[in-house]
Structure formats: structure tokens, C-alpha cells
Amino acid sequence: MTDDDSPALTRRAVHRGGLALALGAVLPAAGAASRPRGDEAPGPATPRQVLRYAFNVAESGFDPAQLSDLYSSIIAGHIFEAPLAYDYLARPALLVPRTALALPEVADDFRSFTFRIRPGIYFADDPAFGGRSRELTAHDYVYAIKRHYDPRWKSPSLYVLENAQVLGMDRVRRDAVEGRRPFDYDREVEGLKALDRYTFRVRLAKPAPRFAHLFADHATMGAVAREVVEAYGDRIAEHPVGTGPFRLVQWRRSSFMALERNPRFREMRFEARPAPDDAEGQALLARLQGRRLPLLDRVEVSIIEESQPRWLAFLNGEIDLVDVPLEFAHIAVPNGQLAPHLAKRGVRMTRQVAPDITVTYFQMEHPVVGGYTPEKVALRRAISLAYDVGEEIRQVRRGQALPAQGPIPPLTFGHDPGMVSEMSEFNRAKARALLDLYGYVDRDGDGWREQPDGQPLVLELASGSDLQARQFQELWKKHMDAVGLRMRFRIAQWPEQLKLSRAGKLMMWGVGYSASSPDGEDMLSMAYGPNAGSANHARFALPAFDRLYERIQVLPDGDERARLMREASRLMIAYMPYKVHTHRIRTTLVQPWVQGVRPHPFARDFWQYVEVQPRRAASG
């Protein structure tokens, strides 16, 4: 889950010419710069390749067991490695081995998954290893998975493993919680075992045909060394040590991060399988085939919260690629086409509908907007009908989104492109009629509606403080005012809002969910009752929905599963725990000196495939 386009909620960085400046903070374990490597090593006359990038939201930390936000996951996804990955160029998405020798061996009707890890892979050097080289083993993956069950880390990804029902692990967690004692990592369980140094097996209580996709998420399922976690303890999120192509060498919180080539990274050469008729993919394959990865020496990521300085930094050539800020979409990509003045400079554009949804959720346990009685459902539906998503797309998103009809996004199994629903409908007359019918009327003549029992009715939406957040606030207030609903806003930083949301302390919050696999089940999980406090921030709990979701989990892909997913979507639309607004259009601009950028719909790691040629003046 990620905050919507306009969080800008963290301590501001220092800006110069639109680019956030690094203010130091070298990590104790950073070490020296990457040493040369074979055929790709920069020689005396070869400049180091440095990619400069910017986030509009601050990171939270880099521990796979504690990650939930997109931006921290991007960093972690380049440091840690899961057993599998997505082919960089294949469309539709294709699973391939990463640290594994092959795709997992699947048995027992999708209840057993055996992974064989490639020997000779090493963690980046770290003092926790006592000066010794540390090889990756199957035990590291077993340990990393168990960490999600450890109550100490409060893993927001635990629900995925719990829903899959890894045999025996729930009991280990329950014993730790009920006994108020440390989690027992050494306790053997049926569902999670290292069979030998390089082989581990996961066994489930029920079929999970898409379970393998979980092991392509480097950020949350990357291997972690036990020595590192025990060495850094509660500060483990500040000391990411993985086997991936990069390592973190500088970090100033909410301001700047620098990653450099991991000297311990094994010899890995570019391979991909673009479709024969994919001209862009074939061109990239011809350019990169057989090249040793990573191509970059260093990546520098600045936090530039406000859109204008981030956009100016790109125009000035101070950052190498940028997701077009909404406020500048009409200048950069008028009518969805790259502006001539940018094309003349050699800037390139990638543009695709993202497999995501933007939502406003209603906390279903809140006494004002929560509940399942007819009047509570009517209130949420009226709020949804009174809000104009079309105006949001035109005025705030500058055309960079499509109206959503349900919770399942494009590019994922279960998405129905022909679906039309009340979710995208704007109808003030119907909204007013629903409110009147169920007793939400103005009893004291002050112009604002009260609750059916006469109590005040005030909607509170959690929000940020930057310009774009204020634009969303103005839009919400305008449309709620029009139907007599009083609204106020709770302004706070993203980490605080996230903490409050997980605890069920917010009434309403606007966020975005990005699919991490090519399956819509990922989005339906945000309405599954047992996921309350993790994926299910709305705390929606409807037995009929839960039964459908549990059936969807175990079915293979096919017509029956697609039908049940439509039925589950309809229940979410009818009860409206989430007002689903849009599917965003992701438009990325790339400087002419940068090659290899092709955003993948589900993978978060891509820097290892990028190369930066000598820069020329941005105005050249």
C-alpha cells in the first residue's frame, strides 16, 4: 500500500536548483567505493555511471519484515534478493529464477513448493560477519520468512503467509504471543524447512496456485542473514545487508540515499524474453544481451516532496528520470503525447496504465461511517455518489488516470474491462435522496446534516499538507458541502497516518494500492476480514465476502475463479468500505543520456539494467 500522489509529509530536504542536496550521513558499514569488475569495470578514462533519481515521499526504512510503503520497497528491492524475479522485458509478466536454480518444484496440488538455491551467492560485506565471506543458503530464506511471523517486527506482509496457511507457523507465533516470550526461530515446523544447505520447502494447508509469485518480491521476501539482524537489533531497518546488485552507502533520513555497486555481487548477465513483435523490448534486448549486471556504479535518490522543484530538477538535468508530476502533465505530455520541446531535447517517454487503484477507505468500526446496517451503507454510498471522480481526473490528476469501476486493476487476472458500476458514478440527486431516506437530515437548520439519532455528523479525512493534498481537500470539501455533509481534515505526516491507520484510528484516508503480482486477488485481500490491521485498512468484515475470497484463493485461474472475483467485487461496491477512485496512468520521462529504462508493471527493481552515458547540457 502506498500513499496517493501527494503525501509530501516528511521533514523537508534542502533544495538547490530544484535538487535535494545530500547532507552526509555515511553508514558505518558502507566501506569504500565499488572495486572494478572484469569486462564492465570503469578504467582510468571511463567515468563512473551514476543515476540520479527522486522520490516525492520519504522512505521509512529497509527491513524486509517491516516494509509496507512503495518507496522504501524500491530501495530494498535493489539490495535484497528473493528466489524468483520477473523477466525485465517479457509482457505479460513472466516468472524467472533469481537466486534459485529454477522455478520451484510444485507438488501436492499446489500445497508444496521446493526451492533450490544457486551455490556461490554471497551477502555484501558487513561487520556482522566478522570479516568472513558469508554465502547465501536455504536457511537464510527460512529465517527471513519466519521473521514475518515474529511479533517483534509487526510485519505488514504477514497476512499473505497467514492466508496461505504455512503449516505450523501460526502455532509458533501464537506461542510467542500468548507466552510473552521471544519468537523461537529454531523450532522446526512441517511447513517451513531447509532440506539441505541449498534447498528449502514450504508446505501449505490448502492449495495456493499463485503462491510462487510471492517469492518474486525482493523487498519483502529477500534473504536476510541472522547474524545481521542479531547484530543490529531494533536498528535493523537502518542496516540493510543483502545479496543484491547494490548496497546502501549513504542515508540521511527523509533527504538522501546513495546505493553503490555491491562488490560481492556474483557474475550475472542480462537475459530476457521479449515477445517477437515487441519492438521496444527487442531493441533493449539487442542492446543489453549478455552484459554483466549491474551496469551502474551508483544510484543517488533525493527526497523532493513538492512537485515544482522535482520537475525543475528534471528540466535542469539534475535528475535522470521522473514520473511526471500531475501539476505539469499538461506541459510535459499534452493529450498524452510527449511535448515537442522535450522531444527536441531527446527526452523519451514511457506511458502505461498502472496495475493500481486509488481509494478512500471508510473505517468500518468507526461509529460515524462504519457498520453494516442499511443507514450506514447508505451514508457511504451517498458520499461516493456525491464525489466527482471525473473532476478529480480532469482538475487534479490532469487526465493521468482512468475512472475505476471496481477494486481489481488492469493487467491483473480478474479485471473486467467491460464492468460498469456505481463506483464511478457522480449523482448528487441520488446522494441527497439516500441521505434523506435514511435520516441524515438537517435538523437544526444550520445547513449541515445530522446523524439519524440527531448527533452531529462530521466527516474526517486524513490527508497531507502539500499543494496536491490541498487540491484533493478542496475537491472533497466542495462536493461534500454541496450535499450538506460537513468535512474536516486531519493533517499529519505519512508515517504517523500509516501507524494510526493500522491501529484503526482514522475515519477516512485516501491511499493507493499497487499490485505486486499479475493477479487481482492481491487487491481483494484488502477487504478480507482476517487481514484487518494489515492489508485491510478499512477493517471490512463480511462473512459472505470472506467465503468468496477463500474460494478464490484455492481455485486455479479460469472462468469460475473470474466469476467469483466479479461477485466479490460487487459486494465491495455494494457495501462501499472503499471508494475506489482511479487507475493511474504512469508517465515516466527519461533523459537522453539514460538507456535501459522500461518500467515493469509488478517488479520494483530495475536500476541494474540502466546505464548512464556522459551527460550533456539539458538545454542542448
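One is the number of the first residue; the rest follow in order along the sequence. Given the structure is predicted, the values throughout are model-derived calculations rather than measurements.
Annotation: side chain to side chain donor-acceptor pair (under 3.5 Å) contacts of K376 (sequence neighbours excluded): none. Partners of R381 under the salt bridge (Lys or Arg N to Asp or Glu O under 4.0 Å) rule, at least two apart in sequence or in another chain, are E422. Every residue two or more places apart in sequence or in another chain that forms a salt bridge (Lys or Arg N to Asp or Glu O under 4.0 Å) with R561 is listed here: D519, E521, D557. R551 is linked by a side chain to side chain donor-acceptor pair (under 3.5 Å) to nothing, counting only residues two or more places apart in sequence or in another chain. The side chain to side chain donor-acceptor pair (under 3.5 Å) search around E460 returns R488, not counting sequence neighbours. With sequence neighbours left out, the ring pair (Phe, Tyr, Trp, His ring centres under 6.0 Å) criterion links H78 to W607. Partners of E391 by side-chain contact (heavy atoms from CB on, under 4.5 Å), not counting sequence neighbours, listed by chain and number: D388, R394, Q395, L475, K478, H479. Contacts of F80 classified as ring pair (Phe, Tyr, Trp, His ring centres under 6.0 Å), with partners at least two apart in sequence or in another chain: none. Residues satisfying the side chain to side chain donor-acceptor pair (under 3.5 Å) test with K154, not counting sequence neighbours, are none. Evaluation of the ring pair (Phe, Tyr, Trp, His ring centres under 6.0 Å) rule for Y88 yields Y609 as partners, not counting sequence neighbours. In terms of the salt bridge (Lys or Arg N to Asp or Glu O under 4.0 Å) criterion, R432 has no residue partners (sequence neighbours excluded).
Residue pairs meeting the ring pair (Phe, Tyr, Trp, His ring centres under 6.0 Å) criterion with at least one member in residues 392-423, sequence neighbours excluded: H415-H583.
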